[in-house]
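This report concerns only the one structure given below.
On a predicted model such as this, the values are computed, not experimentally measured, just so you know. If you read the sequence from its start, that first residue is 1, and numbering goes on from there.
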Amino acid sequence: MKYVRQFSIILLVSALGEGMHILLPFPVPASVYGLVLMLGALVSGAIKVEHVQEAAAFLIEIMPVMFIPAGVGLLTSWSALKSMWFPVTVITLVTTVIVMVVTGHVTQAVIRKGKKGAES
């Protein structure tokens, strides 16, 4: 029953993100609204980490499975992508490196901040 409650909380926040996407005229995906809402709820304490921890861990574990439909979609669209495979490959590699660098710097900053907070 605990897992049903945790999934229900995550689903509710996702549904609220969908509602915000419908109501607000910004070009922001509903999933981003949902993530921002979940972050706000966790930071404010409206939702405790313990209320969603196991369900979130499960969803993170199965995340690679969610990329299979996108990969299959790319394979079925190969005829349309064949003429521009080189630019798509370069863009993919460059953006991957940028994301890795930014993620590394943010992680290092968070770790440094955590160490400074622990020392005080």
If a pair satisfies side-chain hydrogen bond (donor to acceptor under 3.5 Å, both in side chains) and one of its residues is in residues 15-41, list it, with sequence neighbours excluded. none
Quick one: NZ on Lys2 to CZ on Phe7, what's the gap to the nearest 0.5 Å? 12.0 Å
Give the cluster check for Leu93 versus Leu74: same hydrophobic cluster or not, with ILVMFWY residues linked at side-chain heavy-atom distances below 4.5 Å. no
Less than 3.5 Å apart, which donor and acceptor atoms pair up between the side chains of residues 81-89 and the rest of the protein, not counting sequence neighbours?
unit_1: Thr89; atom_1: OG1; unit_2: Trp85; atom_2: O; d: 2.7

Can you give me every donor-acceptor pair (side chain of residues 44-65, partner residue at least two apart or in another chain, under 3.5 Å) with its distance?
unit_1: Ser44; atom_1: OG; unit_2: Gly40; atom_2: O; d: 3.0
unit_1: Ser44; atom_1: OG; unit_2: Ala41; atom_2: O; d: 3.3
unit_1: Ser44; atom_1: OG; unit_2: Ala46; atom_2: N; d: 3.3
unit_1: Lys48; atom_1: NZ; unit_2: Gly45; atom_2: O; d: 3.3
unit_1: His51; atom_1: ND1; unit_2: Lys48; atom_2: N; d: 3.3
unit_1: Glu54; atom_1: OE1; unit_2: Gln6; atom_2: NE2; d: 2.6

Is the shortest heavy-atom distance from the side chain of Ser8 to the side chain of Val4 under 4.5 Å? yes
Linking directly or through intermediates, with side-chain heavy atoms under 4.5 Å: list the remaining ILVMFWY members grouped with Val43, chain and number order. Leu39
Side-chain donor-acceptor pairs under 3.5 Å in residues 94-102, sequence neighbours left out?
unit_1: Thr95; atom_1: OG1; unit_2: Ile91; atom_2: O; d: 2.8
unit_1: Thr95; atom_1: OG1; unit_2: Thr92; atom_2: O; d: 3.2
unit_1: Thr96; atom_1: OG1; unit_2: Thr92; atom_2: O; d: 2.6

Return all side-chain donor-acceptor pairs below 3.5 angstrom for residues 106-114, not counting sequence neighbours, or 'none' if the list is empty.
unit_1: Thr107; atom_1: OG1; unit_2: Thr103; atom_2: O; d: 2.7

Do Val32 and Leu16 sit in one hydrophobic cluster, given that two such residues count as connected whenever their side-chain heavy atoms are within less than 4.5 Å of each other, even indirectly? yes
